[in-house]
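Both counts, for ligands and for their atoms, begin at 1 and track the order of listing. Small disclaimer: the values here were computed from a predicted structure and weren't measured.
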Amino acid sequence: QLKKKLKKIFKMQVNSNNVTYENGFIQASYQYKSSNVEKLENGTLKVTPKTTEYTFKTNTKVPKLGIMLVGWGGNNGTTFTAGLLANKMKLSWFTKRGEQTANYYGSITQASTIKVGCSGSEEVYLPMNQVLPLVNPDDVVIGGWDISALNLSQAMKRAQVLEYNLIEKLDPYMRDMVPKKAIYYEDFIAANQKTRADNILEGHNKLEHLETIRKDIREFKAANNCDKVIVLWTANTERFCQLTPGVHDTAENVLKAIENSEAEISASTVYAVATILEGCSYINGSPQNTLVPGVIELAKQKDVFIVGDDFKSGQTKIKTSLVDFLVSAGIKPQSIVSYNHLGNNDGKNLSSEKQFKSKELSKKSCVDDITGSNKILYPETNKIDHEIVIKYVPYTGDSKKAMDEYLSEIFLGGQHTLVLYNVCEDSLLAAPIILDLILITELFERIEYKVDGMRTFQRFNRVLSTLGYLCKAPLTDENTPLVNSLYRQKSALDNIFKACAGLHADDNLLLEFKCP
Ligand code: NAI
């Protein structure tokens with residue numbers, strides 16, 4: 001009811017010569033203002049502002065979308081599926097605090113707003129999913145793979161994330177959802193996962209595995225009448241594969257390595273390659289280096305999007321806003337120590353050293369560009385003391401605890417200590433992020449751009465770094481600056497939405513009030 005009402009109230013039509021709404025497309029021209037910087041020999045910076053004309057063309061026809069999750073039967077996979085069903089059926093259930101109704105809190109596409117302008121002195125905001133047309137989560141079809149054969153209802157109970165009364169209501173709908181057989185290369189995830197691996201593709205022939213996954217995608221798409229499919233990895237964190245020249249460096253070599261069943265080709269790389277060969281976008285929600293240079297090249301050749309790495313759900317989200325705040329306030333963070341303990345299967349997998357290393361790297365690299373932006377505070381090195389500890393404590397279940405200590409140097413040698421204690425059901429944070437990653441990737445598949453002088457429309461860079469807001473270690477193409485600052489990532493994402501809809505980027509100047 002409320003949803004319907006909101007839809008009726010909010011609707012945007014941009015009143016400008018720069019925007020047209022024709023034949024199912026929004027076409028918007030946009031003046032992008034940037035600056036070129038030259039470093040002169042005498043140390044001066046010569047800065048030349050420039051304006052570039054872009055035209056963005058967005059197909060407004062929303063497709064029927066199929067979502068395939070690798071690790072469907074895990075905590076995230078089951079919570080995501082349950083959450084979408086609960087919302088679609090508008091379920092409510094009882095908890096000890098009373099009646100709870102389904103919502104999409106934690107999802108930027110469903111529960112955040114973007115400022116579109118001012119009405120008098122009132123700033124007006126629109127839900128993100130009304131600035132540009134997104135797939136409605138009620139209309140997607142979900143499937144996927146898991147090394148564990150439990151159906152989604154059993155798996156949801158094993159996960160111990162949701163309230164019992166909600167589980168009871170969802171049970172009839174999730175009982176018949178059964179994960180497809182998965183690729184399992186023992187050596188890549190922790191040995192402690194072996195006991196649940198009872199739903200796996202036979203043999204060691206990686207090319208056969210690749211072909212099976214490709215067939216699964218095709219069959220799923222056809223069986224559900226989908227216009228397109230997106231595949232997302234939310235399976236266990238793998239160890240890093242050892243990048244080897246001749247194996248991982250080019251698209252051709254990766255394909256050859258799969259044919260030869262090379263040992264250093266991970267299960268996740270086989271899923272990614274299968275997905276790309278089927279012309280579908282692939283999203284990596286874990287930290288491992290699935291998207292090796294050869295896979296990136298393949299994605300470019302096949303014109304599909306890849307996104308990674310590792311969902312940015314809790315501790316890192318705070319870290320990349322807090323360090324940004326400190327450094328931009330002229331305060332110098334000198335050390336960050338992060339302790340985590342959790343008791344879910346993710347924690348169990350990460351209790352193994354090699355898999356922990358993947359996570360450690362992903363968690364550690366997230367402030368480097370922020371400290372690197374300020375040469376007053378960090379004239380020589382921008383490396384600070386940064387430690388990550390993760391402990392598996394089964395009793396805590398999915399309720400992850402994160403404790404962080406930030407030590408900073410302030411005015412005249414003073415010391416500033418900030419300590420945070422963060423407790424949250426991990427999968428209730430991750431599931432809305434999974435939804436956003438998929439819906440925004442799908443939208444970007446429908447957007448094309450033209451820039452000064454280009455004859456034909458192009459798609460965005462196939463390495464979709466704009467989704468870095470949702471990733472702990474954003475994957476960027478070579479020669480692309482890495483941005484970890486949460487504020488900068490969110491404003492880039494909001495502004496791309498606005499530019500494609502025909503609105504200016506928001507610079508928060510509010511000059512009409514400051515210079516009346
Ligand atoms: P989980 O352990 O509950 O689920 C992973 C599932 O993947 C399991 O059901 C497992 O059987 C399955 N699996 C393992 N290898 C597979 C393979 N090769 N093919 C198909 N299925 C396979 O873990 P959870 O909590 O759902 O997390 C999933 C991933 O997301 C982990 O890598 C985790 O590090 C990452 N992540 C989670 C966040 C969060 O929950 N807040 C945040 C950031 C990342």
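Between Thr275 and Glu278, the side chains place no donor N or O within less than 3.5 Å of an acceptor N or O (distance only, hydrogens not considered). Asp368 and Ser365 share no donor-acceptor pair across their side chains, judged by distance under 3.5 Å alone.
Contact residues for ligand 1 (protein heavy atom closer than 4.0 angstrom to any ligand atom): Val70, Gly71, Gly73, Gly74, Asn75, Asn76, Trp145, Asp146, Ile147, Ala182, Ile183, Ile189, Arg196, Trp233, Thr234, Ala235, Asn236, Thr237, Tyr271, Gly285, Ser286, Asp310, Phe311, Ser313, Asn345, Asp346, Lys359, Asp426, Ala430, Lys472.
Not counting sequence neighbours, Glu405 has no partner by the salt bridge (Lys or Arg N to Asp or Glu O under 4.0 Å) test.
Sorted by first and then second residue, the salt bridge (charged side-chain N to carboxylate O under 4.0 Å, His left out) pairs involving residues 460-489 (not counting sequence neighbours) are Lys300-Asp477, Asp303-Arg462, Asp310-Lys472.
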Using distance only, find each side-chain donor-acceptor pair of residues 291-299 under 3.5 Å and give its atom names and separation, not counting sequence neighbours.
from	atom 1	to	atom 2	distance (Å)
Glu297	OE2	Ala251	N	3.3
Glu297	OE2	Gln301	NE2	3.3

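A salt bridge does not link Lys215 to Glu211: none of the charged side-chain nitrogens sits closer than 4.0 Å to a carboxylate oxygen.
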